[in-house]
Amino acid sequence: MSDTEPQHRYTPELAGAIERRWQEHWQEHGTFHAANPSGPWAQSGTADIGDRPKFMLQDMFPYPSGAGLHVGHPLGFIATDVIARYQRMQGRNVLYTLGYDSFGLPAEQYAVQTGQHPRKTTEENIETYIGQLRRLGLSHDDRRAVQTIDPAYYKWTQWIFTRIYDSWYDERAGKARPIADLVAGYESGTVATPSGAHWGDLTAAERAASVDARRLAYKSTAPVNWAPGLGTVVANEEVTNEGLTERGDFPVFRRNLPQWMMRITAYADRLIDDLDRVDWPESVKAIQRNWIGRSQGAAVTFPLAGSADGVEVFTTRPDTIFGATYMVLAPEHALVDTITPDAWPASTDPRWTGGAEDPRTAVAAYRAVASRKSDLERQVDDKAKTGVFTGAYAINPVTGQRVPVFIADYVLMGYGTGAIMAVPAEDPRDWDFAKKFGLPHVRTVQPAEGHDEDTAYTGSGLMINSSNDRISLNGKDVDDAKATIIAFLEEHGSGHGTITYKLRDWLFSRQRYWGEPFPIVYDEDGAAHAIPERLLPVELPEVADYSPKTYDPQDADSMPESPLGRATEWVTVELDLGDGPKTYTRETDTMPNWAGSCWYEIRYTDPANNERFADRECEEYWMGPGRGDGEGVANDPGGVDLYVGGVEHAVLHLLYARFWHKVLFDLGEISSSEPFRKLFNQGYIQAFAFRDARGQVVPANEVVEEGEGPATKYTWNGAPVTREYGKMGKSLKNVVTPDEMCAQYGADTFRVYEMSMGPLDMSRPWETRAVVGSQRFLQRLWRNVIDEETGALRVVDDAPADDLDRLLHRTIDGVRRDFGHLHFHTAIAKLIELNNVLTRTGMAPRSVVEPLVQMTAPLAPHLAEELWRTLGHDETITFVAFPQADPAKLVQETVTCVVQVMGKVRDRIEVSPSIDAAELEQLARDNAKVLESLGDKQIRKIVVRAPKLVNIVAG
RNA sequence: GCCCUCGUAGCCCAAUCGGCAGAGGCAGGCGACUUAAAAUCGCCCGAGUGCGGGUUCGAGUCCCGUCGGGGGCACCA
């Protein structure tokens, strides 16, 4: 076979050789090293920053799993590489690299399974990734490829933690400030202490507590998500809506445990409001807004019957307060103990008591059951409302009616005030509960015509049954009623308008080994102290057993236990924190794996810096507001010019990273107030999987396909199999790797194929047999430049034919536009089209071939470099200016004008592009085919869109 | 249940502002080259846009409804 093959054909073997050669060339020359404005790389690689504009782009850095990459993973990486290369050809200084997120649960679990140290497996996995990716020719600045497990990196992760720890959120200033300012505020009395006491009257411990209460990173005992099967607590964001952990699907229980938290809730408003300043997909903005869940309403206090105390509730429907016929507290609510009497009030409905002799027994029993329920179980018995009467009554502040107070787990402690006023007539959940417990309802909004009388009414309407001797809401619409009643409540001291959020503080502790240690030690009194910068990093110690203590997944009463707690020699440490050497105890929890990814984009700008997490000048150069694509944009927050990644990080990583970024901004450490100015979500490459009659997965690449369309039959070893569509993975036996593709076709072909499959943001199925199309394109391009038999240059210096020249400029114009919109698939189509014309004419003028090679360079860089060199250029094509379209050549000499009668095409005429409407109309009126189809019909109207269309309306 | 997306040829996908439904690729067919096959080259084939309404001179595109795929949220008061 190979004897007959032309010697200089662009075969996979030749492609592979070319690719390796250029990859070495780039490596050797530091071609992709980006210069910084200051520091060691102020002059770098091929150039200094000069007065070139900058462009910073990146992928969401990968978490290297043991399985290596399949063809779906590099999709985003290839896309960003195309953009990076395109931007370089536009003359921009481009910051583009790829680091590794490498602390965290999966690495640890994998290490536990294989009995190896997580560092070893993690580093091996990273090596595998680097090897696989190197083969693709990605133009990363490899000097900037940070790894979160590197102590030189996590030193600064820990340092940022201490900065957050040493900060508080000043609501009046609307930003974070150093903790010293808080102490000064407490001292001067301009900031009230939590207890309201004078600073001077507080003991040292009370003062410390007052400061701790305001820190942005704080330790507290609060209900957290405890997953016994995982042996650690997890953040709210890491619990799926089934109430299972995102990693491993373990049940989650609510437990009160002392844990480190991040006060992300202080930033709720800014995290929502600043979404208006970034260029992100609306869907991701919607997800974040929804997650933060800002809702406007009122806090209303219901006095307790026979007591001076009251219960504060949060409601978004204060207008319905006249219909509040009972109240519900969350089972964990602090007031429950104080309000619950010893005995049931006279004539208590037996349905309310849970069968208990007295309220205290009923409440205790209900609380026990509720606390043992995992989130999953709460989901499962969904609509069935449960609860018990506390024995206490409150007073509806507008009706004066006594209303019974219940506890029920459909009210959550973590939201609002953990207490509600229940309005069965206007809330379906309250309706269900009221129905079950025989509680009354009063309609306060007139339901719309035809409303089912046996349900709550949540629609709009006019208020009814809502008046007392001081106020009447009757006849008002809902919005008007809300405003009126809030004003009334405020006037009478019973309530006020307020805003509540679904977002809760970020649970930052993990009882795991494989994470950043906290830079925190405790003194003999148990008070926490931050480790000063000079003693960072706090390195992760070696331990004999790094696996966490896990439990039966259902064992709700188990307690988390950190692996670092076993490193006894490490835990006890003597330090001088400024007041002489003392013995301290280290924090043994570690940070969640999100910590390292909260600020890596900043580190990319100056990764070799040992003095600072990033030089201020570097951060400002690459990420500052009004720079790069933010130039000329009003209110630009700065940040990475383009960030590409999957939508699955919409709340986790992207919310946390924004939060840290804003804290650093507030503290004056950085100039940008958002980390990622523009976000793009790439789609996924999915794959078909096949199962036999027993439901067993069979290898997808051995399945035979016959027939077309709905009649297609799939067989494996002659037996019919069924097809399904889903993720690529080992268990589905449908994995295709980039390594296979590079071996079979070459990296350039693989890159072009991935980019040509469809729009980047859409998911699509992988189809190996279609890859050959991309190979044919590159092969034809090669053949247009180089004689396959002799290896000689085939290009001629003749001027191209006029129509070829025009096509070239249309192509340049279109490709530029497509690259700008990340529409690589249409750009490739245009390049193929131009190349096919060259193939067909059999003659390749240099003035067409060179721009074609240049335009192909971002997509198939190795091939382009090789052809560029063959064309006689010594320099890398990397920085050669991208072709410019000549506007004069974009203007067509003639345009085909469509002549329609009643919207139907009747004729096409060639006209000048500059033809005026009147002239075109006349041409259409006189057109023979038009006259024919018009017959004797009257012309009613003529729509002229010169020069492309005329539509004659007749009747 | 609510929200967001996508439905165009056998398959993957194009179609600026509403203006000729087709740029490109795969598969398929025919031909050239070949002893033959593969590869290569040339030519060809193909849908009225999931379905039903509406707006408009004109709808794949806008609006309403509906069905199907994918994703997010869900006792959040």
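Each chain gets a letter, A, B and so on, in the order its sequence line appears, and its residues count up from 1. A quick note: this is a predicted structure, and the numbers were derived from the prediction, not measured.
The side-chain contact (heavy atoms from CB on, under 4.5 Å) search around A:Pro428 returns A:Ala456, A:Thr458, not counting sequence neighbours.
When both distances must be under 3.5 Å, the Watson-Crick or G-U wobble mate of B:C20 does not exist. Of all nucleotides present, none satisfies the Watson-Crick or G-U wobble test against B:U34 with each distance under 3.5 Å. A 3.5 Å limit on both hydrogen-bonding distances identifies no Watson-Crick or G-U partner for B:U49. Pairing for B:G7 is with B:C67, a Watson-Crick or G-U wobble pair whose two hydrogen-bonding atom distances lie under 3.5 Å.
B:U5 and B:A9 are spaced 24 Å apart, taking the C1' atom of each and rounding to whole Å. If you take atom P in B:G58 and the same atom in B:G48, they sit 22 Å apart, rounded to whole Å.
At the phosphate of B:A23, neither OP1 nor OP2 sits under 4.0 Å from any side-chain N or O atom of A:Lys830. Close to B:A77, at under 4.0 Å from its OP1 or OP2, lies no side-chain N or O of A:Arg317. Phosphate contact (OP1/OP2 of B:A27, side-chain N/O of A:Arg776, threshold under 4.0 Å): present.
Judged by the 6.0 Å and 45° rule, A:Lys385 forms no cation-pi pair with A:Phe433.
Separating the CZ atom of A:Phe688 from the C1' atom of B:C11 is a distance of 8 Å, rounded to the nearest angstrom. Between the CG atom of A:Asp761 and the P atom of B:A14 there is a distance of 9 Å, given to the nearest Å. Per the geometry, CE belonging to A:Met757 stands 12 Å off C1' belonging to B:C11, to the nearest Å.
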Between the protein and nucleotides 16-20 of chain B, which nitrogen or oxygen pairs are less than 3.5 angstrom apart?
from: B:G19; atom 1: O6; to: A:Arg945; atom 2: NE; distance (Å): 3.3
from: B:G19; atom 1: O6; to: A:Arg945; atom 2: NH2; distance (Å): 3.3
from: B:G19; atom 1: N2; to: A:Gln900; atom 2: OE1; distance (Å): 3.3
from: B:G19; atom 1: N2; to: A:Asn951; atom 2: ND2; distance (Å): 3.3
from: B:C20; atom 1: O2; to: A:Arg908; atom 2: NE; distance (Å): 2.3
from: B:C20; atom 1: O2; to: A:Arg908; atom 2: NH2; distance (Å): 2.7

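Between A:Lys285 and A:Glu282 there is a salt bridge, since a side-chain N of the basic residue sits under 4.0 Å from a carboxylate O of the acidic one.
The A:Gln779 side chain lies nearest to B:U40 when the options are B:C57, B:U40, B:C43.
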